[in-house]
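See below for the structure under consideration.
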Amino acid sequence: MPPTNYIEAITQAIDEEMARDDRVFCLGEDIGKFGGAFKATKGLFEKYGADRVRDTPLAESGIIGVAIGAALLGMRPIAEMQFIDFISCGFNQIVNQAAKIHYRWGARVPLVIRGPCGGMVRGGPFHSQSPEAWFTHTAGLKVVAPSTPADAKGLLKSAVRDDNPVIYLEHKWLYRRPSVRQELPPGADRLVPIGRAEVKRPGRDATVITYSAMVHLALEAAEVIQREDGAAVEVVDLRTLVPLDKPTLLDSVRRTSRVLVLHEAAKTGGFGGEVAAVIAEEAFEHLDAPVRRLAALDTPVPYAPTLEDAALPSVGKIVAALRELLAY
Amino acid sequence: MAEKAPRAAPRDKAARRRHETLGLTDADCVRLFELLVTTRAMDDAVASLYRRGELPGGAFSSRGQEATAVGSCFCLNKNDVIGPVIRNSGAILTQGLSPVAVLRNFLGRADSPTRGRDGNTHLGCMDLGIIAPTSHLGTLIPVCAGAALAFKSRGEARVALTWIGDGAASIGDFHEGLNIAAVWRLPFVLIIENNGWAYSTPTSHQTLLADLSRRAEGYGIPGASFDGNDILEVIAHTRPAVERARAGEGPTLLEARTFRMKGHAEHDDASYVPRELVEHWKARDPIDGFERYLHESGVLTPDETRALRARVAADMERMEREALASPFPDAGTVAAGVFAEGEA
């Protein structure tokens, strides 16, 4: 088997789940014959037909609302947002319908809403956002953000099989990046459980807690620090934000005593603040330095390369932050 | 019902034929009347509980709109699905939920359909085909279209029906949901319940249209407006829409013209509503009107309707006591149920 792209892993997961379970279907804009703006559903229209790979009108609230209704009546929809930025148009359906249904009246909403998030592709303010904190703050939603093809596949399959609404954030910068390709282990039932973080690189001197595309930047920065500073940086990939795998991240913090929380979303109110607060509450006495956050500036994601690079974290910024942390 | 009571000969054969033309039996009419009277008794019980300080939250009433909810829901089969909104308590009862369950929900009790997690008629029950509303009006239109999509995908001859007020018909989900239902020819019926007022805003401030059902043309689907206070008119228009949906011909947009006889909620005296307008609609009360029809058509005698009303009132008093006896949920359960566990 040749190595698999991140987006091919997503397509495989959808394909396998659709083959396994008749109740699973996809809906979204341009996902049918066209295969989706990023080709996440490529080949599935031909295989499963127009009813199960369903093109929709341009109406995100409608798409999500319809998916919720179908889920209530026993289907297992996978709704695509062409860019995750457009999920804001369906926000009301997500936070007021999907998220609250089970708590309020006990019905199950097995629903996946997936779409490409993140920047570093010069997409500008409306095609680059990282909206996870909008949803991590809403009780009743699971939020996942995989960084590798294996995790992307295994988490999407778990999301489809979950009886709760899952916001599945896939990073478009990872879609076809050759350096993230992986040989995927065979076996259609290889799931990555929701709610389980993974140490992507072990280390004893400091921990970077991150997720999604930033995992790869953190790994690169850890390599630089190893080479140039001789320090061993551990990289914890949260993979799932809600429910948060506290044991794995706290275990790492207790071993390294120095923590950098890293994400691509804007800093203020970002999910990193929650991670930092958990560490302060539950592992304060293990820290040798204040918890440090590195995130995007509190700006919209700008278009021009000079501006976008200035706004988002980079390997250089991570290395600098780690050096300060190690020197504290 | 005391079936043996002497009944008046039908005064007007044409009047008698009205329900028969719709395929309704005398027993159907009695059932409809009982549902109407029960709905009002329940709404009145809720208002009384509110005034006595028994409700943790607000009280909403469907007074004056009972025929729209009961009549339209009566056109459905047992396994169809509804998405009722705040003034469709009659639809919830028509679908088979007991008034005591609704009262418990208003009271926030542990054994209510939402176990104290939500109040008033914000309740759902998939076993009875009831999808719960949210305060964010309009969301149920795409959601019920989605239920209809599930039916269509599986080749089931089932229908989803929901309502929206004249006010919330201004919300974006109205358009998105109805358009998707139309494009995909889903087995879906949407009824605009035009009761004249969205809180304090009259319909004339929501739309320039005199007939809201004309919007149907914009979606390429049929539409009709009718008197929502005449339950036989409601059925006469809803039934073909439901049949059309069930036959796979797609959705219909209906407008039931009715009137909100109380304020937005019990706290609201609705002093902004012109007195004469209230009087005008009071003379067209949907329950009194149907009762007259039952007398004139000889389905029930005045003694029989009086007895039925008395029985419903007595039942409601008993159910109110029963609901008040239910416990509040244990505070220790507050975090339970945010997520569904395991597989259904």
Side-chain angles (χ1 to χ4, degrees), chain A residues 22-23 25 27 50-52 54-77 79 89-111 138-142 161-166 194-195 242-243, chain B residues 81 83 105 112-115 117-118 122-127 129-136 138-154 156 158 160 162 171-173 175-184 186 188 334-344:
Chain A
D22 282 347
R23 301 171 299 176
F25 75 103
L27 71 169
D51 286 345
R52 292 187 70 197
R54 185 173 275 274
D55 279 323
T56 65
L58 201 165
E60 285 79 11
S61 187
I63 293 167
I64 294 168
V66 160
I68 292 166
L72 283 171
L73 270 296
M75 305 294 282
R76 304 188 81 87
C89 302
F91 193 71
N92 185 31
Q93 288 285 359
I94 298 172
V95 303
N96 287 312
Q97 279 285 4
K100 294 177 176 48
I101 284 173
H102 189 266
Y103 186 73
R104 291 168 61 232
W105 53 286
R108 287 167 186 256
V109 188
L111 162 67
T138 299
L141 302 174
K142 296 187 178 181
R161 297 182 195 195
D162 200 289
D163 272 358
N164 295 282
V166 180
I194 291 175
V242 179
Chain B
V81 159
N105 215 61
S112 70
T114 65
R115 295 132 41 250
R117 266 70 173 164
D118 204 345
H122 279 184
L123 55 86
C125 175
M126 286 317 298
D127 292 344
I130 301 169
I131 297 177
T134 63
S135 297
H136 295 64
T139 57
L140 276 183
I141 298 173
V143 168
C144 288
L149 174 63
F151 300 152
K152 186 176 171 137
S153 302
R154 295 191 293 248
E156 298 169 354
R158 297 165 70 184
T162 187
I171 284 172
D173 267 353
H175 168 70
E176 295 197 17
L178 188 55
N179 186 54
I180 288 176
V183 170
W184 294 348
L186 298 179
F188 176 66
V334 64
V338 173
F339 290 108
E341 306 288 345
E343 285 235 20

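- Side-chain N or O atoms of A:Arg108 include one that pairs as donor or acceptor with a backbone N or O of B:Glu341 at under 3.5 Å.
- Heavy atoms closer than 4.5 Å to chain A are found in the side chain of B:Leu149, but not in its backbone.
- With a 4.5 Å cut-off on non-hydrogen atoms, A:Leu58 does not touch chain B at all.
- Neither the backbone nor the side chain of B:Leu178 comes within less than 4.5 Å of any heavy atom in chain A.
- The shortest distance between side-chain heavy atoms of B:Arg158 and B:Val81 falls below 4.5 Å.
- No side-chain donor-acceptor contact under 3.5 Å links B:Asp173 and B:Thr139.
- Comment: A:Asp163 engages A:Arg76 in a salt bridge, judged by a side-chain N to carboxylate O separation of less than 4.0 angstrom.
- Partners of B:Arg115 according to the side-chain contact (heavy atoms from CB on, under 4.5 Å) rule, which considers only residues two or more places apart in sequence or in another chain, are B:Arg117.
- Here the side chains of B:Phe339 and A:Val242 are in contact, with some heavy-atom distance below 4.5 Å.
- Of the listed residues B:Ser153, B:Ala132, B:Cys125, B:Ala145, the one with more heavy-atom pairs under 4.5 angstrom with chain A than any other is B:Ala132.
- Contacts between A:Asn164 and chain B at a heavy-atom distance below 4.5 Å involve the side chain alone, from C-beta outward.
- Heavy-atom pairs under 4.5 Å with chain B peak, among A:Asn96, A:Ile68, A:Asp22, A:Thr56, at A:Asn96.
- For chain B, no part of A:Val95 is nearby; none of its heavy atoms comes within less than 4.5 Å.
- Using a distance-only test at 3.5 Å, with no hydrogens or angles considered, no donor-acceptor pair links the side chain of A:Glu60 to the main chain of A:Cys89.
- The contact between B:Ala336 and chain A is made entirely by backbone atoms, counting heavy-atom distances below 4.5 Å.
- Contact annotation for A:Lys100: neither backbone nor side-chain heavy atoms come within less than 4.5 Å of a heavy atom of chain B.
- Contact count versus chain B (heavy atoms, under 4.5 Å) is highest, among A:Ile64, A:Leu141, A:Leu27, for A:Leu141.
- Between chain A and the options B:Gly138, B:Ala340, B:Gly177, the largest number of non-hydrogen pairs under 4.5 Å is found for B:Ala340.
- Looking at heavy atoms from C-beta onward, A:Tyr103 lies in side-chain contact with B:Val334 at the 4.5 angstrom threshold.
- Heavy atoms of B:His175 lying under 4.5 Å from chain A are absent altogether.
- Annotation: side chain of A:Leu73 is in contact with side chain of B:Phe151 (closest heavy-atom distance under 4.5 Å).
- Note: B:Gly124 leads B:Ser112, B:Gly124, B:Ala150, B:Ala148 in heavy-atom pairs under 4.5 Å with chain A.
- Proximity to chain B (any heavy atom under 4.5 Å) is shown, for A:Ala67, by neither the backbone nor the side chain.
- The candidate with the highest count of non-hydrogen atom pairs below 4.5 Å against chain B, out of A:Met75, A:Arg52, A:Gln97, is A:Gln97.
- Results of the side-chain contact (heavy atoms from CB on, under 4.5 Å) test with B:Val143 over A:Ile101, A:Val66, A:Leu72 single out A:Leu72 as the only residue that passes.
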